[in-house]
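Below, all heavy atoms of this structure are taken into account, side chains as well, without hydrogens, waters or symmetry copies. Every chain is numbered from 1, with letters handed out A, B, ... down the list of sequences.
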Protein chains: 2
Amino acid sequence: MTQTSRQDVIDAAGRLFAKRGYHGTSMRKLGKELGLVGSSLYSHVGSKEELLVEVVRHGAALFEGSVDKARAGGGDGASQLRNLITGHLDVVLDNRDAASTYLNEASVLDADHRNQVRAERNRYEQAFRDVYDLGAKDGSLPLSADSKLAAIFTLSVLNAVPRWYRPLGPLDRNDLAEAIFSFVTR
Amino acid sequence: MTQTSRQDVIDAAGRLFAKRGYHGTSMRKLGKELGLVGSSLYSHVGSKEELLVEVVRHGAALFEGSVDKARAGGGDGASQLRNLITGHLDVVLDNRDAASTYLNEASVLDADHRNQVRAERNRYEQAFRDVYDLGAKDGSLPLSADSKLAAIFTLSVLNAVPRWYRPLGPLDRNDLAEAIFSFVTR
DNA sequence: CCTACCGATCGGTAGG
DNA sequence: CCTACCGATCGGTAGG
């Protein structure tokens, strides 16, 4: 790499925030990750906090894009749920750092950005809930006692994936999606 | 409180580690939480790291106690799974701070303690897996395609509970246990 | 349990 | 993008 871009800095920040946490990452360590001295980062970014905002924003956008695509695809409740699940797995496995930072480090943000994340998560959860309701109505999914709980439990399973799943090994991404789908609908 | 005990310090550390994370908690803030100056904590504890070790050890012991009790209770697979679930919820809801620190901050530990936690978690997961296998054999649970995945997914749901569940509100602890049991076995 | 302090490290700025 | 630096804060110690 000949030059370092603002995006390079944000990506590296995502890597370290995901691995060590926001408070466990210093600007000097982040600089070292890029072959720079810490203070050089301030020509690309105004503050450490701004980096967290950018990484979290990126994570949020990825999840939002995924849910929009899944809902736009149409189909019955079961197939939309399947799309939500595979879309979520794609986000979480192709963008592990931004996704993990979004999921784990948002609590460090100031109240304003934290509330934005909370709202975004609620919309995301609502999409799962809507799809469970749709599937119950159209008969493609078993009726669950409470679609809100079904949504929370499904997201609990999905969000934990980066904590244990490693793409090598016997279980590939499609197997995993299928296993989750059948676990949450069976 | 007239005097501060070592246990008081560990408890307060659990509270702050759970809320702000290990790296987000300074010894001075921890002192303030107890009405002390930061340096006074060193008459109760050798280092900040030692506090994390103690909190995590406590969390691990609680989960271990819970699983031992559930397995000792006997019964068929379904009833042992029910006991594992209610036991886990009891730990996580009655000891939120130690449980959350155990679940979220163990990555900060040195390699040795981190490996201990990993081993303990594997044993814990294995207990869930064994119970799923037992239930499949004795007919009390539907056979799942893969008991290891069933264990991971169930623990994903359980471990996420402190992130969203608030004991006030319409859903009490028994409702929650029942909802989770039926979600993971239905 | 506090005061007084240590060296190290933190986020960030000035100036080039 | 680096050097040189700022005040603040960090984990921790000595001594009482």
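- Look at B/Asp94 and B/Arg173 and you find a salt bridge, because one of the NZ, NE, NH1 or NH2 atoms lies within 4.0 Å of a carboxylate O, short of that distance.
- A straight line from OH of A/Tyr42 to P of C/dC10 spans 11 Å, rounded to a whole angstrom.
- In this structure, A/Leu155 and B/Trp164 have side chains that are not in contact, with every pair of non-hydrogen atoms separated by 4.5 Å or more.
- A close approach under 4.0 Å does not occur between any side-chain nitrogen or oxygen of B/Ser26 and OP1 or OP2 of D/dT9.
- Set against D/dC1, D/dC10, C/dC2, the side chain of A/Gln3 has D/dC1 as its closest nucleotide.
- With the 3.5 Å cutoff on both pairing distances, Watson-Crick and G-U pairs in DNA chain D assemble into runs of at least 3 at C:1-16 with D:1-16.
- A salt bridge is defined here as a Lys NZ or Arg NE, NH1 or NH2 lying under 4.0 Å from an Asp or Glu carboxylate O, and B/Glu50 with B/Arg6 meets this definition.
- Between A/Phe183 and B/Phe183, the two ring planes are perpendicular [angle over 60°; tilted spans 30° to 60°].
- Ionic pairing of B/Lys19 and B/Glu33 is not present here: no N-O contact between side-chain nitrogen and carboxylate oxygen is shorter than 4.0 angstrom.
- Of the side-chain N and O atoms in A/His23, none sit less than 4.0 angstrom from OP1 or OP2 of C/dC10.
- We find that CE of A/Met27 is positioned 11 Å from C1' of C/dC10, with the value rounded to whole Å.
- Under the 3.5 Å distance criterion, with hydrogens and angles disregarded, a donor-acceptor pair is assigned to the side chains of A/Tyr124 and A/His88.
- Look at NE2 on B/His44: it is 13 Å from C1' on C/dC2, rounded to the nearest Å.
- One interatomic measurement links the two molecules: CG of B/Leu52 to C1' of D/dG12, which rounds to 17 Å at whole-angstrom precision.
- In this model, a donor atom of one side chain and an acceptor atom of the other lie less than 3.5 Å apart for B/Ser147 and B/Arg129.
- Rounded to an integer number of Å, the gap from B/Leu30 CG to D/dG11 P is 9 Å.
- Note on A/Ser43: a base of the nucleic acid sits closer than 4.0 angstrom, heavy atoms only.
- Side chain to side chain, A/Asp11 and A/Gln7 meet the donor-acceptor criterion of an N or O pair below 3.5 Å.
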Check nucleotides 3-8 of chain C for protein N or O atoms closer than 3.5 Å to its own N or O atoms and list the pairs.
residue, atom, partner, partner atom, Å
C/dT3, O4, B/Ser39, OG, 3.1

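- Nucleotide C/dC2 holds its P atom 12 Å from the NZ atom of B/Lys32, rounded to whole Å.
- Across all their heavy atoms, A/Arg71 and A/Asp130 have their closest contact at NH1-CB, 3.6 Å.
- In this structure, B/Asp8 places its CG atom 14 Å from C1' of C/dC1, rounding to the nearest Å.
- Atom pair A/Leu41:CG and C/dC10:P shows a separation of 13 Å (rounding to whole Å applied).
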